[in-house]
> 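Here it is: the structure, laid out below.
Position 1 is the first residue of the sequence; numbering continues from there.
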Amino acid sequence: MQLIREVTAELPIYLSNSLNSLRLEGQKTVAIEILQQFDWEVPDWVIVPGGNLGNIYAIYKGFQMCKELGLVDRIPRMVCAQAQNANPLYLHYKAGWDTEFKPVTSATTFASAIQIGDPVSIDRAIFALKNCDGIVEEASEEELMDAMSQADLTGMFICPHTGVALAALIKLRNSGVIQPNDRTVVVSTAHGLKFTQSKIDYHSNAIPDMASRFANPPM
């Protein structure tokens, strides 16, 4: 991120990532589409993978906008799901929102797009989560890969980042935070074809120290 900011300051290159407010305005339409597809019935929970944290804020902003317009009478509780190897927001949430945020040095994670230790939208994300009674959950590498593979067994072909969000759903459901009848939406952020090597390694039992419990070995 630091390099990107330096490059775009010196060269005629347009910055379109989470620092750009126009990107967030576009991303908030995810919330509008969710509401449209549910006939304007608000889900109880929306779970979003979190790296730079623009997504969680933008989707919250979309729900809040719909509430202000009178299209809905409430907004869902939101969950930001982070990889355990890149979890600065999760650590801050566990320490209490009133403590000082501390960036971390991310370790390698299969969820590479959210391998971010110092997110640029940290303040926006905290604002959103505070205002929707939101929470933060994390997933280990094994948990995210297991969740991704379980989803794939149903015919989906999801990315590791969505695996992080699904792992968060499983953990929150098992702990009773999310109730059996709660309507819950998991936002999928990429297609599995962008991450085929990690899938091949998982199903081939080629990832060290990982049981690959849901492997479907190639023949």
> Measuring from atom NE2 of His203 to atom OG of Ser149, what distance do you get when rounded to the nearest 0.5 angstrom?
4.0 Å
> Lys199 side chain to Ile158 main-chain N or O, any donor-acceptor pair under 3.5 Å?
yes
> Do we see a donor-acceptor contact under 3.5 Å between the side chains of Gln197 and Asp201?
yes
> Taking NZ, NE, NH1 and NH2 as the nitrogens, is one of them in Lys171 or Glu138 under 4.0 Å from a carboxylate oxygen of the other?
no
> Under 3.5 Å, is there a donor-acceptor pair linking the side chains of Tyr202 and Asp146?
yes
> Distance-only, no hydrogens or angles: does the Gln115 side chain make a donor-acceptor pair with backbone N or O of Ala86 under 3.5 Å?
no
> Taking the side chain as every heavy atom from C-beta outward, state whether Leu129 and Ile135 have any pair of such atoms under 4.5 Å apart.
no
> Does any non-hydrogen side-chain atom of Ser140 lie less than 4.5 Å from one of Met145?
no
> Check Val120 against Asn52 and note the closest heavy-atom contact, atom names and distance.
N-OD1, 3.1 Å
> Starting from Phe195, can I reach Val186 by hopping between I/L/V/M/F/W/Y residues whose side chains sit under 4.5 Å apart?
no
> Tell me, do Leu172 and Glu137 make a side-chain contact under 4.5 Å, heavy atoms counted?
yes
> If every non-hydrogen atom of Ala167 is compared with every non-hydrogen atom of Ala139, which pair is closest and at what distance?
CB-CB, 3.6 Å
> Is a donor on one side and an acceptor on the other found under 3.5 Å between the side chain of Asn85 and the backbone of Thr108?
yes
> Work out which heavy atom in Pro43 is nearest to a heavy atom in Val185; give both atom names and the distance.
CB-CG2, 4.0 Å
> For side-chain contact (heavy atoms from CB on, under 4.5 Å), just list the numbers for Arg124 and Tyr60, CA-CA rounded to whole Å, side-chain angles, deciding distance to a tenth of an Å, and then say yes or no.
CA-CA 10 Å; Arg124 292 164 169 159; Tyr60 159 79; over 6 Å; no
> Donor-acceptor pair, distance only, cut-off 3.5 Å: does the side chain of Asp44 make one with the backbone of Thr184?
no
> Please tell me if the side chains of Pro49 and Asn55 come closer than 4.5 Å, counting only heavy atoms from C-beta onward.
no
> Do the side chains of Ile32 and Cys66 get nearer than 4.5 Å, heavy atoms only?
yes
> For Gly50, does its backbone N or O pair with a side-chain atom of Gln82 as donor and acceptor, under 3.5 Å?
yes
> Quick check: do Leu89 and Pro119 have side-chain heavy atoms less than 4.5 Å from each other?
no
> If you look at every heavy atom in Ile170 and Ala147, which pair is closest and at what distance?
CD1-CB, 4.2 Å
> Determine, step by step, whether Glu143 and Gln84 satisfy the side-chain contact (heavy atoms from CB on, under 4.5 Å) criterion, reporting the C-alpha distance in whole Å, the side-chain angles of both residues, the deciding distance to 0.1 Å, and the verdict.
CA-CA 10 Å; Glu143 287 170 337; Gln84 194 174 72; 5.5 Å; no
> Taking the side chain as every heavy atom from C-beta outward, state whether Tyr93 and Asn87 have any pair of such atoms under 4.5 Å apart.
no
> Between OG of Ser121 and CZ of Phe127, what distance do you get to the nearest 0.5 Å?
13.5 Å
> If we only count heavy atoms from C-beta on, is the His92 to Ile126 side-chain gap below 4.5 Å?
yes
> Which distance, rounded to the nearest 0.5 Å, do you find between the CD1 of Ile122 and the CD1 of Ile56?
11.5 Å
> To the nearest 0.5 angstrom, please state how far the CG atom of Leu166 sits from the CZ atom of Arg173.
15.0 Å
> Between Phe214 and Asp152, is a side-chain contact (heavy atoms from CB on, under 4.5 Å) present by the stated rule, with each step listed?
CA-CA 10 Å; Phe214 301 97; Asp152 286 352; over 6 Å; no
> What distance do Met148 atom CE and Met156 atom CE have between them, rounded to the nearest 0.5 Å?
12.0 Å
> Let me check something: do Trp97 and Phe101 share a hydrophobic cluster, defined by ILVMFWY side-chain heavy atoms less than 4.5 Å apart, either directly or through other members?
yes
> If you group Ile, Leu, Val, Met, Phe, Trp and Tyr by side-chain heavy-atom gaps below 4.5 Å, do Ile200 and Phe157 land in one group?
no
> Which pair of heavy atoms, one from Pro88 and one from Val104, lies closest together, and at what distance?
CD-CG2, 3.8 Å
> Between Ile47 and Ile178, is the side-chain contact (heavy atoms from CB on, under 4.5 Å) condition met? List the steps.
CA-CA 11 Å; Ile47 305 177; Ile178 294 178; 4.2 Å; yes
> Would you say Tyr90 ends up clustered with Ile116 if hydrophobic residues are merged whenever their side chains have heavy atoms under 4.5 Å apart, either directly or through other cluster members?
no
> Using the rule that two of Ile, Leu, Val, Met, Phe, Trp, Tyr join whenever any of their side-chain heavy atoms come within less than 4.5 Å, decide whether Trp45 and Trp40 are in one cluster.
yes
> Which heavy atom in Leu144 sits nearest to a heavy atom in Phe110, and how many Å separate them?
CD1-CB, 4.1 Å
> Going from NZ on Lys67 to CG on Asp73, what distance comes out if it is rounded to the nearest 0.5 angstrom?
8.0 Å
> Is there a donor-acceptor pair closer than 3.5 Å between any side-chain N or O of Thr162 and the backbone N or O of Thr189?
yes
> Examine distances only and state if a side-chain atom of Glu142 and a backbone atom of Ala211 form a donor-acceptor pair shorter than 3.5 Å.
yes
> Checking Asn20 side chain against Leu22 main chain: does a donor-acceptor pair fall under 3.5 Å?
yes
